[in-house]
Amino acid sequence: MTAVASAATGAPAQATGRATRAVVDLDAYAGNVRAMRRLLSPGTELLAVVKANAYGHGAVPVARAAVSAGATRLGVATVGEGAVLRRNGIAAPILLLGPIDRGEARTALKLDLEPTVATDDLLEAVLDAARSLPLARPPGVHVKVDTGMRRYGADPEAAVALAWRTADDPMVTLLGCSTHFAAADEPDERFTRQQAERFDRVLSRLAEVGLAPRLVHAANSAAALRSRRYDYDLVRMGIALYGLRPSPKIDLAAGMRPVLSLRSRVARVIELSPGDTVGYGRTHRVDRPGRAALVPIGYGDGYARALSGRGWMGIGGRKAPILGRVSMDQTVVGVPDGLDVEVGDEVVVLGRAEDGAPTVEALAMLTGTIAYEVVTAIAARVERHVQRDGRIDPDLGSV
Ligand SMILES: *Cc1c(COP(=O)(O)O)cnc(C)c1O
C-alpha cells in the first residue's frame, strides 16, 4: 500500500510490505528546520546537510522537506549524492561539502553542484571542466580554510592565495569561503573560538585585497545550537535537523524532536522452557518458563550485532530485552511478564522511550558509538516510509 523512497537512491520504490521499516516523520523534520531558522541571526541562511542518504532518513523526501521549510541550500558529500537529488528534480543550490576527485569535476559542474576547493589541483580541474562545458554562468566554488580541524581545507596562507586565484579567473566565481569546527560539541568552547578567530583573520586578509565571498560559513549543528557567534552568512546543519543532539552535551532548541523511528512486527511467539537456549552460540540460557518474540531485523538491516544480549525493543509500551545474539536478519526478544503478545504486533525497535524503545542516543551509548552512526547505518533494504500531516502518506515517497 505505502509507497516508499528507496533507501539507496531516494527514488521511488515499490513497498514490499516488509514488517521492518523506518518511519520518517517529515512534520518533525520541517518543524526542526523552522525552529532553527527562528534561532539564527537575521539574514543567516540555513543549509540542510543531506549526505549519506540524509543520515539514513532518505535523501530525496528529506531534501524536499528541507527546502519547503525554508532551507535555502543543501549539502552532500559526494557527486553521486548530488546526482540523485538532481535526478529527482531538486533545483536548490547544492554544496559538495568535502573533497572530490579531480576526475569528478566535470560531472559536478554539469549537475550544477558547488565544489569546495582546498588545493590548486582541484581548482585547476574545476577550471578545466568549466572551460570545456557550455555552462549558462561561471560555476560558484567555495574555498575551504583549515583552521584547526586538520582534515579537509587549505592552511590560512594557502587559502588566501587560492581564493585570489579563484576570484581572478572569469571561468569561475568565488561564491563561498568556509571552515569546519573540530570540537563545537564540547562544553569547553575555547578551541572553537580560536578556530573562528583564525577564520576571521583569513576573511580580513581577503577583504584587504578586495575579496568578499557572498557566503561565509563555518557552523555545524553544534556551533549553530550553542551560539550566534558562528552564524556568518550560512550555517550547515545535519544532525540537529534530524532531531538528534550532536552530543549529549549540547541541547536542541525548544520544540525540536526526533524524525526517525525503526519499526517491525512480531513474526513468531516462542514458548520457552528452562534449559532452552536462544540463538547462535547458545549464549542465552533460559532458567524459567516464559515467552519470547521473534523480530525480523538483524545486523543486515544495520541493527548492530553488538546489541546481542544487551539491547531492548519496545512492545506494548514495555521494554523487551534482546535474548542471545542478533543475527543477520532476525532477533529474539523476551516478552515482558504479563504482556499479551501476538504475531503481527507492532515492535518499536528504535524510537521513543514512551514506547518502551531505546532512543537513537540510548542505542548509540549501548554500542559505543554516536547518534550519527546509528541512523546512517540503517541498511538500504529497510524501506523508508514517509510520514506527513500525521499520517503515512501513500504518495509522498514516490513523488
Ligand atoms: C557533515 C557536515 C556538516 C554537518 O554536521 P552536523 O554535525 O551533522 O550538523 C557540516 N559541515 C560539513 C563540512 C560536514 O561535512
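All heavy atoms count here, side chains included; hydrogens, waters and symmetry mates do not. The model shown is predicted, which means the values in this text are computed figures rather than measured ones. Atoms within a ligand are numbered from 1 in the order they appear, just like the ligands themselves.
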We want to know whether [X] and [Y] form a side-chain donor-acceptor pair, criterion being a heavy-atom distance below 3.5 angstrom.
X	Y	answer
E45	Y232	no
E383	T16	yes
T147	R198	no

* Tell me, which protein residue and heavy-atom name are nearest atom 3 (C) of ligand 1, and how many Å apart are they? ->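 Minimum-distance protein heavy atom for atom 3 (C) of ligand 1 reads K51 NZ, 3.8 Å.
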* To do: Please write down residue, atom name and distance for the protein heavy atom closest to atom 12 (C) of ligand 1.
  => H180 CE1, 3.5 Å
* N/O separation below 3.5 Å, G238 to ligand 1 -> yes
* To do: Give yes if a backbone or side-chain nitrogen or oxygen of I239 is under 3.5 Å from a nitrogen or oxygen of ligand 1, and no if not.
  =>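 So ligand 1 has an N or O lying under 3.5 Å from an N or O of I239.
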* Report yes if the side chains of L260 and Y29 come closer than 4.5 Å at any heavy-atom pair, otherwise no. => no
* Option with minimal heavy-atom separation from atom 4 (C) of ligand 1, where the choices are Y242, F181, Y55, Y372 ->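 Among Y242, F181, Y55, Y372, the closest heavy atom to atom 4 (C) of ligand 1 belongs to Y55.
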* Counting heavy atoms only, which of R151, K144, R236 is nearest atom 11 (N) of ligand 1? -> R236
* Structure fact -> The answer for which part of Y152 has a heavy atom under 4.0 Å from ligand 1 is neither
* To do: Could you tell me whether S221 approaches ligand 1 through its side chain, its backbone, both or neither, with non-hydrogen atoms closer than 4.0 Å?
  =>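 It is both parts that get close, each with some atom under 4.0 Å.
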* **Evaluation steps, ring-ring contact (aromatic ring centres under 6.0 Å, His included), between H180 and Y152** => CA-CA 9 Å; H180 192 57; Y152 191 45; over 10 Å; no
* To do: Anything under 30° is parallel, anything over 60° is perpendicular, the rest tilted; go ahead and classify H217 against H142.
  => perpendicular
